[in-house]
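Note sheet for the following structure.
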Number of protein chains: 2
Amino acid sequence: MNPLEIPEIVIRRLPLYLRALNLLTEQGQVVTSSQELGERLGISSTQIRKDLSYFGEFGKQGTGYDVRYLAEQLRQILQVNRTWNLVLIGAGDLGRAIARYNGFERGGFSIVAVLDRDKQKIGNQVGQLRIQDIAQLPDVLRQHHVQIAIIAVPPDEAQGVANLLVKNGIRAILSYAHITMPADVRIQHIDPVVGLQSMTYYLVPTQP
Amino acid sequence: MNPLEIPEIVIRRLPLYLRALNLLTEQGQVVTSSQELGERLGISSTQIRKDLSYFGEFGKQGTGYDVRYLAEQLRQILQVNRTWNLVLIGAGDLGRAIARYNGFERGGFSIVAVLDRDKQKIGNQVGQLRIQDIAQLPDVLRQHHVQIAIIAVPPDEAQGVANLLVKNGIRAILSYAHITMPADVRIQHIDPVVGLQSMTYYLVPTQP
DNA sequence: TAGATTGTTAATCGATTAACAATC
DNA sequence: TAGATTGTTAATCGATTAACAATC
C-alpha cells in the first residue's frame, strides 16, 4: 500500500503503541497480544491489529507479538530507528525544562543546540549545551543537518521565529505557542490550556 | 440534545475556536465568519457551523458571528466562564515553567498551589507561589475546592502521584508523564516525543 | 490436537461535506 | 433588493468493529 494512503489517525497512534511496548520491555515482558496492548491504551484489539496490518504482519497466530521485535518495526515505520537532530529556540524556563528532558534520546531525537536572542542568556550553560545566539541558526542547521525545531519562546515571538525557521529549511516544528505554517511544513502544537478546556466540559462544577 | 451525545471530537475542537476568537478580539475584529475561522484553523467552514449547531444558533445569516459573543458562548459551553483552581505537582524545571506560564488565567484557570516532596524545594518561591509539602495536598484541595491537577514530576513518580490525587478527589489531570487512570477520571497527556514521532513518519530523511 | 490469537473481510457506525432554504 | 452567510438535511466518505478463516 502507498504510504500516502495510510490514514493520519493511524500514524498518530503508532507512537502510543511504541511507548507501551517500551514500557513492556522495561518490565521484562517478552511477548504481548493486541488485547493486552489495547487494554493498556484504551483501544480495541481489533483496531491495533488493523493499524499494524497497514504495514505488514508482525505477530504469530496463537502467540501474539514479540515485544522487542514489534517495537523495532514501529521505530522503522516511524523512522525513529535513527537519531533526528533538533534545535530548540528559547532558553527561558520552558526552554530549559525541555533541554533537560531526557526522553528525547530514547524516542530517536537529540537536541543539538539551544538558541535565544537574549544577550544575557547567550553563553550560559543549560544541560550539556551552551546557549547560542539565534543569529547562528543558519550555521547550526546546516552543520547538524537539522530538519526539526522546537519553539519555546513567548507567544508573541513564536510566529516570527517559525517564519525564520522555515526560511532556513526546517520541515517540522513542535511549538509551545500557536503559529500558522505553509502546508508543506509539519506542525504540532502543545498547549496546556486547550487540554484543560476540553476536560472542563465534562466536569460537574461542585466548586462554589 | 443531550450533552452526553455530543461527539468528543467536537468538544475537542471548541477550545481551538475559542483561541482563534480570542486572537481576533485582540486584533480588534468585531465580526467573523465560519469561513474566516476555518481558514485560520485549517478546518472547513461547514464543520465549524455544524459543530456550533450542537449547542445553539450563535450567528446571523448574511453577517456571520459577533466575535466576543461567540467567544463568551463557547466559554459557557466549556464551563470556562469561571475560574477553575488547579494544583501543580512537581517544582522542577518543568513545574516552574508551568507555574510561571501566564496563559492559564485567560483560559479560565488559576494555579493555587505548587507542591513537591523535595524538602530542599519546599518553601522556595516560584512566581507568586511558595512551594508546599506534598503532605499538604488534602488540605489544599479541600481549602481551594480543587478538582483539576497538573502533574509535572519525573516519569517514574507520576503514577504514584496520580493515584494520590485521585484518592483525594481530583477529577481531571493534565500530565506531562504517562499514567493510567480509572475511567471516571479525565486525563490529558502532554508528551513532546509522541508529537515528534508522528511527524518523522512524513519526513524525508535527507540527513546522513 | 485444542486453544489462542493473528490478519483480513465485510458490515456498521459515525464524522465530514455538499447543497440549499432561510434570512439577515 | 441583491449579496452574503447561517443552520440544517441528506449524501458521502472514512474509520471502527464484528466475525471468522488461517495458523501457530
Side-chain angles (χ1 to χ4, degrees), chain A residues 1-17 20-21 24 29-74 77 183 198 201, chain B residues 1-17 20-21 24 29-74 77 183 198 201:
Chain A
M1 169 176 268
N2 186 328
L4 294 176
E5 296 171 13
I6 295 169
E8 182 168 338
I9 197 165
V10 172
I11 302 301
R12 296 183 58 111
R13 279 192 292 263
L14 301 186
L16 306 180
Y17 301 164
L21 290 165
L24 285 171
Q29 197 169 322
V30 173
V31 169
T32 188
S33 66
S34 58
Q35 191 177 348
E36 182 180 46
L37 276 174
E39 277 164 17
R40 293 198 168 216
L41 292 163
I43 292 176
S44 77
S45 63
T46 308
Q47 182 159 82
I48 292 174
R49 295 199 302 279
K50 173 79 171 166
D51 285 353
L52 296 177
S53 76
Y54 282 106
F55 304 98
E57 307 186 359
F58 306 115
K60 268 201 181 65
Q61 281 100 328
T63 309
Y65 302 90
D66 181 282
V67 172
R68 301 180 88 102
Y69 175 74
L70 182 56
E72 188 50 37
Q73 294 301 308
L74 288 175
I77 292 164
S198 49
Y201 174 81
Chain B
M1 169 176 271
N2 185 330
L4 293 177
E5 296 172 13
I6 295 169
E8 181 169 339
I9 198 165
V10 171
I11 302 301
R12 296 184 59 108
R13 279 193 292 262
L14 301 185
L16 306 179
Y17 301 164
L21 290 164
L24 285 170
Q29 197 169 323
V30 175
V31 169
T32 189
S33 65
S34 57
Q35 191 178 349
E36 182 179 44
L37 276 176
E39 277 165 15
R40 294 198 167 216
L41 292 163
I43 292 176
S44 78
S45 63
T46 308
Q47 181 159 83
I48 292 174
R49 296 200 303 280
K50 173 78 170 169
D51 285 353
L52 296 177
S53 76
Y54 282 105
F55 305 97
E57 307 186 359
F58 306 116
K60 268 201 181 66
Q61 280 100 328
T63 308
Y65 302 90
D66 181 282
V67 172
R68 302 179 88 102
Y69 175 74
L70 181 55
E72 187 49 37
Q73 293 302 307
L74 288 176
I77 293 163
S198 50
Y201 174 81

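Note on naming: letters A, B, ... go to the chains in the order of the sequence lines (proteins, then strands), and numbering restarts at 1 for each one.
For the pair A:Ile77 and B:Tyr201, the tightest heavy-atom approach, listed with the atom from each and the gap, is O-CD1, 3.3 Å. Across all their heavy atoms, A:Asp51 and A:Arg13 have their closest contact at OD2-NE, 2.7 Å. A:Arg49 and A:Tyr65 get closest at one heavy-atom pair: CG-OH, 3.6 Å.
Sequence order on DNA chain C of the closest nucleotides to B:Asp51 and A:Gly64 puts A:Gly64 first from the 5' end. Nearer to the 5' terminus of DNA chain D, by closest-nucleotide assignment, is the contact made by B:Gly62 (compared with the other of B:Gly62 and A:Arg13).
Taking atom CD of A:Gln47 as the reference point, atom P of D:dG14 lies 17 Å away to the nearest angstrom. Per the geometry, NZ belonging to B:Lys60 stands 12 Å off P belonging to D:dT6, to the nearest Å. In this structure, B:Arg49 atom CZ and C:dT23 atom P are separated by 16 Å, rounded to whole Å. In this structure, OH of B:Tyr65 is placed 13 Å from C1' of C:dC24, rounded to the nearest angstrom. Across the protein-nucleic acid pair, A:Glu57 atom CD and C:dT5 atom C1' stand 13 Å apart, rounded to whole Å. Rounding to whole angstrom units, NZ of residue A:Lys50 and P of C:dA11 are separated by 14 Å. D:dT5 atom C1' lies 13 Å from atom CG of B:Leu52, rounded to whole Å. The interatomic distance linking B:Gln61 (CD) with D:dT5 (P) rounds to 12 Å, in whole Å.
Taking CG from B:Leu24 and OG1 from B:Thr32, the interatomic distance works out to 5.0 Å, rounded to the nearest 0.5 Å. Separating the CD atom in B:Gln35 from the OG atom in B:Ser44 is a distance of 10.5 Å, to the nearest 0.5 Å. The distance from atom CD of B:Glu39 to atom OG of B:Ser33, rounded to the nearest 0.5 Å, is 7.5 Å.
B:Ser45 comes within 4.0 angstrom of nothing in the nucleic acid, heavy atoms only. Contacts of A:Thr46 with the nucleic acid, taken as non-hydrogen atoms under 4.0 Å apart, include base atoms.
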Per-residue pairing states of DNA chain D in dot-bracket (Watson-Crick or G-U under 3.5 Å; . unpaired, | other strand) read ..||||||||||||||||||||||

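Between A:Glu72 and A:Phe58, the closest side-chain pair of non-hydrogen atoms is not below 4.5 Å.
Taking 4.0 angstrom as the limit, B:Ser44 places a side-chain polar atom (N or O) nearer than this to OP1 or OP2 of C:dT17.
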